[in-house]
Amino acid sequence: MSVPAARLSDMRWAVAETGDGGARLCPLDQDGRPAGEVLCEPSLAEAVRSRPEVERWVWRSTGEIYRRLLAAGVRVERCYDVEAAESLLIGHEEGQSGQARSLAAAWARLHRLPVPPDAPARAAETQPSLFESGPVPLPSGTDDFTALLEVYAGQVARTAKTEHPERMRMLLAAESAGMLVAAEMYRAGIPWRADVHRELLDTMLGERISGGTEPRRLVELAEEVSRAFGVRVRPDLPNEIIKAFGRAGILLSSTRKWELQEVEHPAVAPLLAYKSLYRLYTAHGWSWLEQWVHDGRFRPEYVPGGTVTGRWTTNGGGALQIPKVIRQAIRADPGWRLVVADADQMEPRVLAAISRDPGLMEVAGRGEDLYADLAARAFGGDRAQAKIAMLGAIYGQTSGDALTHMAELRRRYPAAVAYVDSAAHAGEEGRLVRTWFGRTCTPATSSDSADDGESRPLDYGTPRARARGRFTRNFVVQGSAADWALLVLAGLRQAMSQAGLRAELVFFQHDEVIVHCPEAEAATVAELIAAAGDTAGRLAFGPTPVRFPLTTAIVECYGDAK
DNA sequence: GACAGACGCGCC
DNA sequence: AAAGGGCGCGTCTGTC
């Protein structure tokens, strides 16, 4: 895998759209300054297509320009997304977090002018959106290509000043590669069988009763709940449920599933069934299908780096929360296969690599089941205990079994636990933490300190400070893992393209990817995936004994992958 | 009628 | 067994 940005000498060109389908472009030198004349060409697509020697295209924002290129049949190998980079650099520059990330804002900062705010995040729309809110405009009279060049050159210099410039360069390249993947996945879409989905809904929910009422099964379950209480109760109103249980002498603080499960009452079983089916009905039912699945594809709009930790989000369609039962509807086209891969215990392995804990690196350098290996060494063979302890360390669990098991973890793997403890401590003191690559957490806000609205350091030991500590503790692991996963994705994309495959990435969910490919390519894709984890691990964390295996399944139906 | 916040629950 | 991290999104509820 040739990695994004590892080479300084790659040939870069800046490009911007001119608004009439054309483009302005010019070559760049190593410092990010123009290395030749600025050209103006009538066709963006032709300008890019005719320059295969360009190794990386520097542009303002991938979402818009690359969508147009893809529509014209032009794929690029690498890019540098100036607005994505601005976001990461601003976050890294102490005290700057939270500032606007648009090209216009970056340019204004460069010239010490008033900084325009970013366009408000667009709310999820009922239709997948092909319309961008458009770039934040530059001051009138400012040439946007010049602004692009100036901001980019500034970013090259700022990157060199970060704590680990080589890691930051890799992060910027990986985030940009993620932008390319996101645009390509949107274009490809997830193969979705609406007929299978409908059949599932009919089976689980019963047929829809005409007149807009709930499906038959929900009506029946609601009646069953009412019968159990002896009065009419609407199961989707938490207040009514709590009152009804109260009359039966059962005090509930909420109607959460785990709380209800503890209660012995004939209403509990139908109520839990109702809640789960109601959820399916409202979130992934018939209307979702009509809104989001067209021509056999589900096209969510991916937002790389949409969360503070670097995980992606999606805009509309709830693509990262597809319920397991619904995955039956995700089927390869005839003659094609889905290659489904998910990373095995990604976060503990990443913790081993970033903390350099010798013992944990050794455990993470063995087979496929890290928790079993951990248990064999430290928890008397009890895999469940080992897992609870590890997740407790990563999430900051403060009570229950996790605490006692964590003591054992601390004894055996002191450097690993110290790593997350120190991140938690930094958070409790109101300091910032970073991932291995330099992605930086958002600063503490007033809501993290006492509720008097004053902005001041966190009060050590308060519940809010401890919550902030759990956030920063988790951030360093979840964030570094997200960055590693991004390298896997970028590496896989490049490997598949170099192999000349028709395979397409169609889904990415934190530690899991789906490739849709002709049956004949599936074995090759699986091999590329198997290599991608360790390659990304070496690239990201340098030489460590830690292995990053992925479990891969070649299936026709996503529901069969687990 | 629009909007914000809380809640609940789907996923990792 | 208990309830810790990150999200999106639908519903309900209170407010303007």
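Order of the sequence lines fixes the chain letters, A, B, ..., with proteins taken first and strands second; residue numbering starts at 1 for each chain. Please read all numbers here as calculations on a predicted model, not as lab measurements.
- Residues satisfying the salt bridge (charged side-chain N to carboxylate O under 4.0 Å, His left out) criterion with Glu223(A), sequence neighbours excluded, are absent altogether.
- Classification of Glu184(A) and Arg187(A) as a salt-bridged pair fails, no side-chain N sitting under 4.0 Å from a carboxylate O.
- Listed by chain and number, the residues in a salt bridge (charged side-chain N to carboxylate O under 4.0 Å, His left out) with Arg193(A) are Asp195(A) (sequence neighbours excluded).
- Counting any heavy atom pair closer than 4.0 Å across all strands shown, Ile394(A) reaches no nucleic acid atom.
- Atom CZ of Arg234(A) is separated from atom P of dT11(C) by 12 Å (rounded to the nearest Å).
- The distance between the ring centers of His516(A) and Phe507(A) does not fall below 6.0 angstrom.
- Direction of the helix axis in the helix from dG1(B)-dC16(C) to dC12(B)-dG5(C) shifts by 10° between the two five-pair termini, rounded to 10°.
- One can place NZ of Lys387(A) at 16 Å from P of dA1(C), the figure rounded to the nearest angstrom.
- Between Glu86(A) and Arg101(A) no salt bridge is recorded (no basic side-chain N to carboxylate O distance below 4.0 Å).
- Ion pair Glu240(A)/Lys243(A) not flagged as a salt bridge, since none of the NZ, NE, NH1 or NH2 atoms sits closer than 4.0 Å to an Asp/Glu carboxylate oxygen.
- Residues in residues 380-391 of chain A take part in these side-chain hydrogen bond (donor to acceptor under 3.5 Å, both in side chains) pairs, two or more places apart or across chains: Asp369(A)-Arg383(A), Asp382(A)-Gln385(A).
- The ring-ring contact (aromatic ring centres under 6.0 Å, His included) search around Phe298(A) returns Trp192(A), Trp288(A), not counting sequence neighbours.
- Between Asp421(A) atom CG and dG4(C) atom P there is a gap of 18 Å when expressed in whole angstrom units.
- Between Glu301(A) atom CD and dG8(C) atom C1' there is a gap of 14 Å when expressed in whole angstrom units.
- DNA chain C is contacted by both Gln261(A) and Trp288(A); Gln261(A) maps to the nucleotide lying nearer its 5′ end (nearest heavy atom per residue).
- Nearest-nucleotide mapping onto DNA chain C: of Ala319(A) and Thr309(A), the residue sitting toward the 5' end is Thr309(A).
- Less than 4.0 Å separates DNA chain C from at least one heavy atom of each of the following residues of residues 235-246 of chain A: Asp236(A), Leu237(A), Asn239(A).
- The ring-ring contact (aromatic ring centres under 6.0 Å, His included) search around His425(A) returns Tyr460(A), not counting sequence neighbours.
- Between Tyr278(A) and Tyr274(A), the angle of the ring planes stays under 30°, which puts this pair in the parallel group of the 30/60° scheme.
- Non-hydrogen atoms lying under 4.0 Å from DNA chain C are contributed by Asn474(A), Gln478(A), all within residues 474-485 of chain A.
- The side chain of Thr313(A) sits closest to dG8(C) out of dT11(C), dG8(C), dG5(C).
- Nucleic acid contact for Arg466(A): none, since no nucleic acid atom lies under 4.0 Å from a heavy atom of the residue.
- Using a 4.0 Å heavy-atom distance criterion, Arg311(A) is classed as a base contact.
- The CZ atom of Arg279(A) sits 10 Å away from the C1' atom of dT11(C) (whole-angstrom rounding).
- By the side-chain hydrogen bond (donor to acceptor under 3.5 Å, both in side chains) test, Gln345(A) pairs with Arg349(A), sequence neighbours left out.
- Only one option out of Ile394(A), Val433(A), Leu351(A) pairs with Val476(A) in a side chain to side chain contact (heavy atoms under 4.5 Å, CB included); it is Val433(A).
- For Glu259(A), the salt bridge (charged side-chain N to carboxylate O under 4.0 Å, His left out) test picks out no residue, with sequence neighbours left out.
- The ring pair (Phe, Tyr, Trp, His ring centres under 6.0 Å) pairs that include a residue from residues 391-412 of chain A number zero, where partners must be two or more places apart or lie in different chains.
- Following rounding to the nearest Å, Leu280(A) (CG) and dG10(C) (C1') show an atom-to-atom distance of 13 Å.
- No contact: Phe508(A) has no heavy atom under 4.0 Å from any strand.
- No donor-acceptor pair under 3.5 Å is formed between the side chain of Arg493(A) and the backbone N or O of Leu505(A).
- Bounding nucleotides for the chain A contact on DNA chain B, 5' to 3', at a heavy-atom distance below 4.0 Å, are dG8(B) to dC12(B).
- Remark: C1' of dG6(C) and CD of Gln321(A) are 11 Å apart, rounded to the nearest angstrom.
- Dashed line: the shortest gap from a side-chain N or O of Arg470(A) to OP1 or OP2 of dG5(C) is under 4.0 Å.
- The CZ atom of Phe471(A) sits 9 Å away from the C1' atom of dG6(C) (whole-angstrom rounding).
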